[in-house]
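Worksheet: one structure, shown below.
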Amino acid sequence: MSEKWDLRFIELAKHISLWSKDPSTKVGCVVVGEDREIRSTGFNGFPRGIDDNEERLLDREKKYPLICHAEENAIMHAARIGVSLKNSTAYVTWPPCSRCARSLIQAGIKEVVYPDGGEIPERWKEDFTTSNEMMKEAGVNVRSI
């Protein structure tokens, strides 16, 4: 895909990240097919029907077991409506964690693109290294722009 389209889809993922109610981290994901068609989108948040009140969102111990990451939400939304993500590209606002890398690999995503130069918290760095190694081993192209 051209740099122009890469930037458009990253900007869209950034916009979608703003829909998240998480006060500490907002992540967006846009999954795009081979003809530049948007197949699914997602942002980090609680599952449908789970109350995303401020008390839960501000308490990491309560929040983490409940939250779905943006990539997971995009994959689950596609499954819910019967859309295949095989051979698609996922544009995300952060590098995927290992949990999301597993899901992206299993969904058949062929490429993951994220913005270069984001400030990654220290607590996530080791997990992002694992994630990149997993995706590389599985043949998923990972690049930052």
Side-chain angles (χ1 to χ4, degrees), residues 1-52 56-57 60-145:
M1 209 157 311
S2 72
E3 185 178 347
K4 173 181 78 172
W5 282 101
D6 284 344
L7 293 173
R8 285 177 175 172
F9 290 128
I10 286 292
E11 287 305 312
L12 182 56
K14 288 178 181 177
H15 176 77
I16 289 167
S17 76
L18 300 176
W19 300 348
S20 172
K21 293 182 180 180
D22 190 323
S24 62
T25 306
K26 296 181 184 307
V27 181
C29 177
V30 177
V31 183
V32 178
E34 295 173 298
D35 293 323
R36 294 194 299 253
E37 78 281 5
I38 296 170
R39 295 205 179 165
S40 191
T41 62
F43 56 91
N44 57 312
F46 291 172
R48 297 169 196 263
I50 303 300
D51 186 16
D52 53 5
R56 282 178 164 171
L57 288 167
R60 288 183 193 270
E61 285 188 34
K62 289 181 182 177
K63 176 176 69 172
Y64 283 150
L66 300 176
I67 202 119
C68 294
H69 289 187
E71 301 94 324
E72 292 175 312
N73 266 331
I75 292 165
M76 290 183 274
H77 175 70
R80 183 180 174 108
I81 62 172
V83 172
S84 173
L85 302 181
K86 188 175 181 182
N87 295 321
S88 295
T89 299
Y91 291 88
V92 291
T93 57
W94 275 55
C97 68
S98 60
R99 181 171 115 184
C100 289
R102 290 191 304 260
S103 296
L104 292 163
I105 291 164
Q106 290 298 86
I109 299 293
K110 69 172 182 177
E111 183 172 46
V112 174
V113 181
Y114 59 87
D116 196 16
E119 196 55 43
I120 304 300
E122 191 62 40
R123 68 182 180 275
W124 286 105
K125 288 184 179 178
E126 184 178 339
D127 190 68
F128 286 155
T129 299
T130 300
S131 170
N132 277 326
E133 290 170 355
M134 286 173 56
M135 290 188 289
K136 183 177 180 181
E137 184 175 338
V140 177
N141 185 43
V142 179
R143 60 190 173 90
S144 59
I145 60 168

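What you are looking at is a predicted structure, and each value in this text was computed from that prediction instead of being measured. Atom set for the values below is all heavy atoms of this structure, side chains included, hydrogens, waters and symmetry mates excluded.
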Which atom names give the shortest non-hydrogen contact between [X] and [Y], and what distance separates them?
X: M135; Y: V112; answer: SD-CG2, 3.9 Å
X: T89; Y: V113; answer: CG2-CG2, 3.9 Å
X: A74; Y: S40; answer: O-OG, 2.7 Å
X: N132; Y: Y114; answer: ND2-OH, 4.1 Å
X: A101; Y: P96; answer: N-CB, 4.4 Å
X: C29; Y: A90; answer: SG-CB, 4.3 Å

[atom1]/[X] to [atom2]/[Y] distance, rounded to the nearest 0.5 angstrom?
X: T25; Y: H69; atom1: OG1; atom2: NE2; answer: 9.0 Å
X: F43; Y: C68; atom1: CZ; atom2: SG; answer: 10.5 Å
X: L66; Y: I50; atom1: CG; atom2: CD1; answer: 7.0 Å
X: I109; Y: N87; atom1: CD1; atom2: CG; answer: 9.0 Å
X: I67; Y: R56; atom1: CD1; atom2: CZ; answer: 11.5 Å
X: D6; Y: Y91; atom1: CG; atom2: OH; answer: 4.0 Å

Heavy-atom distance under 4.5 Å between the side chains of [X] and [Y], does that happen here?
X: I10; Y: V30; value: no
X: E133; Y: T129; value: yes
X: K110; Y: E34; value: yes
X: E71; Y: N73; value: no

(request) Indicate yes or no for a side-chain donor-acceptor contact from T93 to the backbone of G28 under 3.5 Å, with no hydrogens or angles considered. (result) yes
Can you name the side chain to side chain contact (heavy atoms under 4.5 Å, CB included) partners of [X], sequence neighbours left out?
X: T130; answer: S98, M134
X: K136; answer: none
X: L7; answer: E3, I145
X: E137; answer: none

(message) For the CD atom on E61, are there more than 12 heavy atoms of other groups (residues, nucleotides or ligands in this structure) within a distance under 6.0 Å?
(response) no
(message) Please verify the inter-ring angle class for F128 with W124; under 30° counts as parallel, over 60° as perpendicular, anything in between as tilted.
(response) parallel
Pair listing, salt bridge (charged side-chain N to carboxylate O under 4.0 Å, His left out) test, anchored in [range], at least two apart:
range: residues 10-28; answer: E11-K14, K21-D52, D22-K63
range: residues 75-95; answer: none
range: residues 98-108; answer: E72-R99
range: residues 40-51; answer: none

(request) Determine, step by step, whether T41 and V31 satisfy the side chain to side chain contact (heavy atoms under 4.5 Å, CB included) criterion, reporting the C-alpha distance in whole Å, the side-chain angles of both residues, the deciding distance to 0.1 Å, and the verdict. (result) CA-CA 6 Å; T41 62; V31 183; over 6 Å; no
Could you work out, with side chain to side chain donor-acceptor pair (under 3.5 Å) as the rule, every residue matching [X], not counting sequence neighbours?
X: S88; result: R39
X: S20; result: N44
X: E126; result: none
X: S103; result: none

